[in-house]
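Heads up, the thing below is written out as structure tokens.
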Amino acid sequence: MDKGNRTTMEFIFIGFSVIPELQFFLFASFLCIYCISLAAHMFLIVLYNLSSNLHTPMYFFLANFSFLEECYISTITPNMLKNLLSNYKTITFYGCAVQMYCFLLLGSTECYLLAAMAYDRYNAICHPLLYNMIMSRNSCIKLIMCSWIIGLMVAIIQTSLTFSLHYCGPNKINHFYCDIPPVMALACADTQFNEIVTFLIVLFVAVGAFLAIIVSFARIIWTIIKHHSSAGIKKAFSTCSSHLIVVTIFYGSVSVMYLRPKTSYGTDMDKFLSLMYTIIAPLLNPFIYSLRNNDVKTAVKKLMKMA
């Protein structure tokens, strides 16, 4: 495909059009989810900035995580909402590339930000006396910057490889956003190299970060068992359980989605899995992190007294 054809080419999202009678219901549901998610994440960001008792590395990471989640859900949801009410569910070739780039940037960054948050909990529980020195402000900023740099590299590599393929015929994407497998399935060329690269990158990003998280929590558990502290077990559980739930939801759905054979792509299950980590998880995460968190509850009560 030459450059001129790419400028005029459009992709058509199949999305949820196979159930037209539910279009408005899905629109209303996803709009509510989107608004609640944005409000919840914004609330955590504002709460962090206004509450001095939350100015710790743990909540610094959480505030950055909330900002990333707001960007992440906004990459996909607005266009999906538009398509649910439109008869023309299209996106330009370059618009699709931009959406995929942003999705990969934010998704890959989230993988390593979750790993950095687990590393923070590891140091808080296993090295309490050295915690403030290890997790200094500069160290936290460097960890966040490294997460974004890795996400940037992954997004550039994957988007460039996907959209350098030759697209000459079919243009219907069996999905509700521009993800790698459904877009690559439309290519009029051999995609074996791209599939291998995608698999290796997922191993490096998702599986690599997940293993770092597992190692961090394994060390936490070992430290607690070694000290035979029931109070320590309770504290560690209350500190780490929320993060483990978020990690399980995110990594579970992402791994199943991308570490499967190509022949199983394009099913309704793919769309459900994608909804889990693109729409549902960003809605649940702020509530998972805050509902059972005493520090957040205390900060909210202080703000209510000040109001």
Side-chain angles (χ1 to χ4, degrees), residues 25-82 84 99 102-103 105-118 120-121 140 144 147-148 151 176-177 213 237-254 272-307:
F25 171 77
L26 291 173
F27 171 83
S29 300
F30 290 141
L31 179 61
C32 288
I33 290 173
Y34 181 55
C35 292
I36 293 171
S37 181
L38 288 181
H41 284 294
M42 182 57 67
F43 175 75
L44 285 180
I45 294 171
V46 172
L47 191 66
Y48 167 77
N49 284 284
L50 296 180
S51 304
S52 57
N53 67 306
L54 298 183
H55 289 176
T56 64
M58 174 180 173
Y59 296 104
F60 177 69
F61 282 119
L62 184 56
N64 279 274
F65 179 73
S66 289
F67 170 74
L68 187 148
E69 289 273 85
E70 285 197 316
C71 298
Y72 186 61
I73 194 172
S74 296
T75 299
I76 293 166
T77 310
N79 189 66
M80 181 183 68
L81 291 172
K82 175 185 74 70
L84 283 170
Q99 186 185 59
C102 294
F103 165 73
L105 167 63
L106 297 165
S108 302
T109 301
E110 182 167 336
C111 287
Y112 277 88
L113 187 55
L114 287 171
M117 293 167 74
D120 169 68
R121 292 300 83 209
C140 293
I144 290 172
S147 300
W148 281 95
F176 57 90
Y177 70 97
I213 293 170
F237 181 78
S238 63
T239 303
C240 302
S241 58
S242 298
H243 195 60
L244 279 172
I245 294 170
V246 171
V247 167
T248 302
I249 294 172
F250 181 76
Y251 280 97
S253 53
V254 167
F272 172 76
L273 289 170
S274 296
L275 282 174
M276 283 299 298
Y277 61 81
T278 59
I279 309 294
I280 306 301
L283 169 69
L284 297 177
N285 289 345
F287 298 102
I288 293 172
Y289 277 119
S290 61
L291 286 180
R292 297 176 62 253
N293 189 301
N294 291 327
D295 292 334
V296 173
K297 291 178 181 177
T298 301
V300 172
K301 290 177 181 177
K302 286 183 180 180
L303 283 182
M304 290 178 67
K305 289 179 181 179
M306 293 171 57

Which value, rounded to the nearest 0.5 Å, describes the distance between [X] atom [atom1] and [Y] atom [atom2]?
| X | Y | atom1 | atom2 | value |
| --- | --- | --- | --- | --- |
| I36 | L31 | CD1 | CG | 9.5 Å |
| L38 | C71 | CG | SG | 10.0 Å |
| Y48 | L44 | OH | CG | 12.5 Å |
| E69 | H41 | CD | NE2 | 4.5 Å |
| F250 | M276 | CZ | CE | 11.5 Å |
| L62 | N285 | CG | CG | 9.5 Å |

Backbone of [Y] reached by a side-chain donor or acceptor of [X] within 3.5 Å:
| X | Y | result |
| --- | --- | --- |
| Y59 | N53 | no |
| H243 | L114 | yes |
| S66 | I45 | no |
| D120 | A116 | no |

In the structure I gave you, are the side-chain heavy atoms of [X] and [Y] within less than 4.5 Å of one another anywhere?
| X | Y | result |
| --- | --- | --- |
| N79 | K82 | yes |
| M58 | D295 | no |
| N293 | S242 | no |
| T109 | Y72 | no |

Plane angle bin for F67 and W148 - parallel if under 30°, tilted between 30 and 60°, otherwise perpendicular: tilted

Whether Y289 and F65 hold their rings parallel, tilted or perpendicular, with breakpoints at 30° and 60°: perpendicular

Donor + acceptor pair across side chains of S74, Y34 (<3.5 Å): yes

Side chain to side chain contact (heavy atoms under 4.5 Å, CB included) partner of T278, the single match among T77, T75, I73, I76: I76

Nearest atoms (heavy-atom pairs only) where [X] meets [Y]:
| X | Y | result |
| --- | --- | --- |
| S37 | P282 | OG-O, 3.1 Å |
| I213 | A115 | CG1-CA, 3.5 Å |
| H55 | N49 | NE2-O, 3.7 Å |
| V296 | S290 | CG1-CB, 3.8 Å |
| I279 | M80 | CD1-CE, 4.1 Å |
| L26 | L84 | C-CD1, 3.9 Å |

